[in-house]
Amino acid sequence: MTKARVLYWFRTDLRLHDSPALAAALKLNPEVFYPVWTWDPHYVYSQQVGPNRWQFLLDSMKDVSESLTELNSDSQLFVVRGPPATVLPALWKEWGITDIVWEKDDDSYTAERDATISSLAEKAGVKVHVVLGHTLYDSAEIIKAGKGSVPQSYQAFRKLVDKLPKPSLPIPPPTSLPSPGPTTLTKWKRSDHAVDPWRLNDLNREWREEGSTERDLSFESFAGPEGDFAVPTMEELGMVATSEIRGGERRALQRFEEWMDDNEKVAEFKKPQTSPAAFEPPSTTQLSPHLKFGTLSPRTFYHRVLTINRTSSSTPSEPPESLIGQLLWREFFHAQQAATPFFTRIRGNKVSRYISWALQTRYDEEGEMLSHEEMEKAFEREEPEAWERFKAWKEGRTGFPWIDALMRQVRETGWMHHLGRHSVACFLTRGQLYVSWERGAEVFDRYLIDWDPALNSANWQWLSASAFFHSFYRVYSPATYGQKSDPTGALIRRFCPELAGFSDKHIYTPWSASKKEQEQAGCVIGEDYPERIVDEKEAKEKCLKLMKAAYDAKLHGDDPRVLDGTADEYLESFLPGKVKPTREEGISKDGKRKAQDDSKAGGGKGSKKAKQTTLDFGKD
DNA sequence: TACCTTGTTGCCCAA
DNA sequence: TTTGGGCAACAAGGT
């Protein structure tokens, strides 16, 4: 029997410790072993990724490459630059690969990409090994145990996974590594591995450094500028990072050990009691980016906390609040994503309630999403007030110091405390601005280092009361929520320095200071810091009214009215003073009562008026 | 079957 | 100054 020639495809598993997929690859007892990273134009151009996440990724790739070289001086992470669907087949042909191994990943882009690679491999006679490792449980097993679906509540989910076999124990890192074979790339032409289809619509253009070519240079060659398959640099990307949060397995393990060192803190951890205003140091572990990129194994984390809980003298906290609980939230949302088509958007998503948000993702008549450019133009033209407010939120100039500080924090550092994310997400969606959670999720995609499609979409659905959470009338105050955890406003002083002259009394609500006090603080509202873009209370009341109507209408993203574009009109008939649709029109609750004769006409007229109400929302 | 209880994280107002 | 009920109602388990 010929010996295996293995290509190990690194993705979001940038570690050597507890990597079941890597262990499976080495168990094939390979004659040659190629650790490979495909530098994918999809991420470079078509997904909105800011500099801080790139920096974290490059750190992590470099770290894993160095660790591979430590195990075998001939080895490293071989970064090959081009689309995986053309690069991998060319590599396995040229390098005589018999087996390709990767860790399972199930977000929508990677699932599609991996299916393509699998079928190409099959055709080429290359054996594919896909191994679970990114999560504690296999989403497919959870769905099976749930008889085809995943419970919509955390408690029910917990009971379900309790019946599954416990997450496996972490395995040690490899102690040796087979050498790669020859690494030639003969007769490789860029036209066979074109990146222009992605490059021509570069969504990350605005990050590329001013004065440079305004485009990324990382695809100038296949094996990097020196031809040594090196990890690309920020310079090649044309970007400059601003965050001090850095990647790599070694940093992950160091931070992890430092945290685990305090057994009492680990055992007694209660997420809702940690402070969203703390940033130096943060009140939570800040290990989320490492879980996202796989520089820290979730099993290593899980089993260590269990051990600490067993031996700790204090009474351990329980899920959902505990650290174990936090890891289970990750499992819960990954399983939701696996069980829900179109989970990262509203249209077609069966769990996301349909709400008549402003700035919803636009689709053409075939149901294809419009390009970013087209969509932005449409928003600017058709929903100018909402668009302006959204931009103010994104850029941290809403006039609410707490919201602005958090938004500037995430932009600069790539991180925000979970409860801070709650606060800004509530404000943007159901709390005050009534903007679609899809827009907020996109902004987090750009800024957050720990961005994960499943967790991000799920949390935006949670916060906007679109799914999982339903008490839409519980609204975080954009003005004073932060005050509870930090009466001194340290976070605001750090990220909105123009407000630093205000006393503790006014730091969260500088508009309440007299003109004289504003002058003394060196910050006049409306001149040195923006006026509030909305009246908190008034905006909230409008939101609640619209939310109530949406809840009464009970539409979800997969409803025919959502797909055919009549959902907004339908929702308007549920506003106060409007005649509800009859049963024939599809609603059961009010259909029980005899509909009035003129209900249809009334509904129609009501719709027009209601439309006005909705539009008025954006205009004060 | 119908009803009741409970749930990661809130705010406001009255006493 | 602190505390508790109200908000208005979904999912899912229990009775």
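Atom set for the values below is all heavy atoms of this structure, side chains included, hydrogens, waters and symmetry mates excluded. Below, chain A is the first sequence line, B the second, and so on; all start at residue 1. None of these values were measured; they are calculated from a predicted model.
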Taking only side-chain N and O atoms of A/Lys554, does any of them lie within less than 4.0 angstrom of OP1 or OP2 on C/dC10? yes
Using a cut-off of less than 4.0 Å, is there contact between a side-chain N or O of A/Gln273 and OP1 or OP2 of B/dT8? no
Name the nucleic acid region contacted by [X], choosing base, sugar-phosphate or nothing; use a 4.0 angstrom heavy-atom cut-off, strictly under.
X        : result
A/Lys548 : sugar-phosphate
A/Arg353 : sugar-phosphate
A/Phe468 : nothing
A/Pro319 : nothing
A/Phe469 : nothing

Looking only at atom [atom1], what distance separates [N] and [M], rounded to whole Å?
N      : M      : atom1 : value
C/dG5  : B/dT5  : P     : 15 Å
C/dC10 : B/dC11 : P     : 22 Å
B/dA14 : C/dA8  : P     : 16 Å
C/dT2  : B/dT8  : P     : 28 Å
C/dG6  : B/dC4  : P     : 16 Å
B/dT6  : C/dA9  : C1'   : 13 Å

Ionic contact status for [Y] with [X], cut-off 4.0 Å:
X        : Y        : answer
A/Asp445 : A/Arg53  : yes
A/Arg493 : A/Asp504 : yes
A/Glu517 : A/Lys505 : no

Measure up the A/Phe333 and A/Phe468 rings against each other and bin them: parallel (under 30°), tilted (30 to 60°), perpendicular (over 60°). tilted
If the plane angle is over 60° it's perpendicular, under 30° parallel, otherwise tilted; pick one for A/Trp393 and A/Phe444.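 Rings of A/Trp393 and A/Phe444: parallel, under 30°.
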Rounded to whole Å, how long is the line connecting atom [atom1] of [X] with atom [atom2] of [N]?
X        : N      : atom1 : atom2 : value
A/Phe574 : C/dA9  : CZ    : P     : 13 Å
A/Glu321 : B/dT8  : CD    : P     : 8 Å
A/Phe427 : B/dG10 : CZ    : C1'   : 16 Å
A/Asp162 : C/dG13 : CG    : P     : 13 Å
A/Tyr481 : B/dC12 : OH    : C1'   : 16 Å
A/Glu541 : B/dC11 : CD    : P     : 16 Å
A/Arg421 : B/dG10 : CZ    : P     : 18 Å
A/Lys545 : C/dA8  : NZ    : C1'   : 16 Å

Please pick, from [options], the nucleotide with the shortest atom-to-atom distance to any side-chain atom of [X].
X        : options               : answer
A/Lys540 : B/dC12, B/dT8, B/dT9  : B/dC12
A/Gln152 : C/dA12, B/dT9, B/dT8  : C/dA12
A/Gln155 : B/dT9, C/dA9, B/dT8   : B/dT8
A/Glu536 : C/dA9, C/dA12, B/dC12 : B/dC12
A/Lys159 : B/dG10, C/dG13, C/dA9 : C/dG13
A/Arg474 : C/dA12, B/dT8, B/dG10 : B/dG10

Heavy-atom pair of closest approach, residues A/Met407 and A/Val443: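 In this case the closest contact between A/Met407 and A/Val443 is CE-CG1, 4.1 Å.
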Closest non-hydrogen atoms of A/Tyr354 and A/Gln360, given as atom of the first, atom of the second and distance, are OH-NE2, 2.9 Å
Ranges pairing with ranges for DNA chain C, where each run has three or more Watson-Crick or G-U pairs under 3.5 Å: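 Looking at DNA chain C, the stems formed by three or more consecutive pairs are B:2-7 with C:10-15, B:10-15 with C:2-7.
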Kindly indicate whether the side chain of A/Tyr551 and the base of C/dA9 share any N or O donor-acceptor pair separated by less than 3.5 Å? no
Check for me: is A/Tyr154 stacked on B/dT8 by the 5.5 Å centroid and 30° plane-angle rule? no
Sub-6.0 Å ring centroid separation between A/His334 and A/Phe343: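 No.
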Ring centers of A/Trp402, A/Phe495 separated by less than 6.0 Å: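 Centroid separation for A/Trp402 and A/Phe495: 6.0 Å or greater.
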